[in-house]
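Report on the following structure.
Fair warning: this is a prediction, and the values are worked out from it, not measured in the lab.
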Amino acid sequence: MKASDFSKPIRQSSKGIIIIFALNAYNFVRRFFVLFIAFGISLTKKKTFAHVTPTVIFLVIVGILILLLVLAILKYLNFKFYLSKDDFHLSTGIINKDNTIISKSKIQNVYIKQNFLQQIINVVSLNIETAGDNKSEISIKALDKPTALKLKKELFTKSNSTETLTDAVESRNVFFRVSLKRLFLEGISQNHLRSFLIITSFVFGLYYEFKDYFRDLKLKQGLEELIHLDKESLLNIIIINTVFILVAILISLLFSVLKTVVTNFNLEVVENQKTIEINKGLFNKVSLSLTPSRIQNIVIKTNRIKRYFDLHTLSVKQAMVNVKQRKNFVIIALEKEQLKHLVDKLLVNYTSAIERSNPKGYYKRILALNMFALASIINVPGFIIFGNMMWYINIALVLFSVLYVTVTYRKAFYKIDDQFLTIGSGFIDTTTDILEIHKIQAVKLKQTIFQKRIQISSVIISTASKSVKIPYVSETEAKSIYDYLLFKVESQNRDWM
């Protein structure tokens, strides 16, 4: 599909039929995945499933694929779009026709994506997002890249101006390009607890679905014979648990490294005159632009290991709620000076040289209470499963709780000046949230009846993308922050995006 005149209704590339068909087939398989696995397991044991032969099953599958292909062709034929002076128009629908009109001024972001299949057939998808929806308003599945870039530029061209989101090609400057070494270091220095929980949930879910099949394989008996497990031997129990923990840590580490490399492969940050462009991905390539006026929050993350390797992560929050897309607005493996440069680019006049304030000591009591509640929940099944060994586990829990309360409280802070609010938090990772005061959407005070008695309160600040919290400060200080932020928001004649 060559670069087109968007003033007349046009279709996407005819290759879009392949993309739509593949997407429909993927969604169908994902929805009935468990049923397909059950079919497969049943057919390995016997030649029929519910008195249905493999031949009939094969014919049913072929019929479903033909139906999905017909639907893909009809969707392609009925998908047309064009641009007027100020609006984007889209016509869709097979039986029920839908006409969508989006004003250019309401467009929050336009990004280009290319999954593995699109890379093979040499097309890209273009997604148009507006603030306040839970998914992309428009997704054009198959355009050649020059057409997609031209359409992106046209969508951000104002009717009375030549200003566009994408700057001139000659001003394009590759500011940062990540190396495989730094991607690997980023992967091994991440918080692996999340990876461990994802893998554990997947394994337990898989086991629950197919526990009868796994029981037939007699994996447990084979494992006991392999390691000669003596149930009366405490040493053997410790050894086998240690092996499982080490294997789980290794798998979590490999999962984090692989996910980091695949998601951020070939990551580059392109600095234009007014915007910053992010390109990355191996199997799913994405290209998106950041404009300072559209940014609601900036989140900076690092930890002790990452600081040793000079690794910092910059996340940008915009006025959109597409959860899948948010992970793409992240730049990892930045050096400290590179991070400072990007913050200065996206937040003009921001300075970190402001005196920081800390929550009251009451915050420690809340953290300790949370850990006590967690320990109580763990102890109920713990003594049943581990018996007297749970006392030794509780010693470790107490030490961990003390460490958690101390570190979390030390990392909690907030800073306020005329233009910016900065809030720090974290335990393993050190997180810094930065937002411009004039983009605040709401401020409220939060106080329980117990906190009211000792004059402690928290301040909740919301922007169009997320909410942040200044936790457990004195009631007087909280009221002062509340009044100041509201005054600054109402007295500044500036748009929030």
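At least one donor-acceptor pair under 3.5 Å links the side chain of Asp310 to the backbone N or O of Lys336. Under a 3.5 Å cut-off, the side chain of Lys411 and the backbone N or O of Phe427 do form a donor-acceptor pair. Judged by distance alone, the side chain of Lys469 and the main-chain N or O of Ile461 form no donor-acceptor pair under 3.5 Å. For Asn303 (side chain) and Thr430 (main-chain N/O), no donor-acceptor pair under 3.5 Å exists by modelled atom type. Side-chain atoms of Lys415 come within 3.5 Å of backbone N or O of Ser352 as a donor-acceptor pair. Gln114 places a side-chain N or O within 3.5 Å of a backbone atom of Val123 that can act as its donor or acceptor partner. A donor-acceptor contact shorter than 3.5 Å links the side chain of Thr302 to the backbone of Leu311.
Among Leu65, Val29, Leu68, the one residue that satisfies the side-chain contact (heavy atoms from CB on, under 4.5 Å) test with Asn24 is Leu68. The one candidate from Leu342, Val178, Thr313 that meets the side-chain contact (heavy atoms from CB on, under 4.5 Å) condition with Ile331 is Leu342. For the side-chain contact (heavy atoms from CB on, under 4.5 Å) test with Ile140, the passing option among Asn127, Leu90, Leu151 is Leu151; the others fail.
Ion pairing between a basic and an acidic side chain is recognised when a charged N comes within 4.0 Å of a carboxylate O; Asp433 and Lys466 show such pairing. A salt bridge links Lys439 with Glu436: at least one charged nitrogen is closer than 4.0 Å to a carboxylate oxygen.
For the residue pair Ser287 / Lys113, no side-chain donor-acceptor distance below 3.5 Å is found, with atom types taken as modelled. Under the 3.5 Å distance criterion, with hydrogens and angles disregarded, no donor-acceptor pair is assigned to the side chains of Lys141 and Ser125. For the 3.5 Å distance criterion, the side chains of Asn272 and Thr275 qualify, holding a donor opposite an acceptor.
Relative orientation of the Phe116 and Phe283 rings is perpendicular, given thresholds of 30° and 60° on the angle between their planes. Classified by interplanar angle (parallel below 30°, tilted 30° to 60°, perpendicular above 60°), the ring pair Phe420/Tyr350 is perpendicular. Classified by interplanar angle (parallel below 30°, tilted 30° to 60°, perpendicular above 60°), the ring pair Phe400/Tyr404 is parallel.
Between Lys280 and Phe265 there is no side-chain heavy-atom pair separated by less than 4.5 Å. Leu399 has its side chain out of reach of Val402: every pair of non-hydrogen atoms, C-beta onward, lies at least 4.5 Å apart.
With sequence neighbours left out, Asn115 forms a side-chain hydrogen bond (donor to acceptor under 3.5 Å, both in side chains) with no residue at all.
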Check your understanding: Taking it one step at a time, do Glu271 and His341 satisfy side-chain hydrogen bond (donor to acceptor under 3.5 Å, both in side chains)?
Key -> CA-CA 11 Å; Glu271 187 176 14; His341 178 83; 3.0 Å; yes
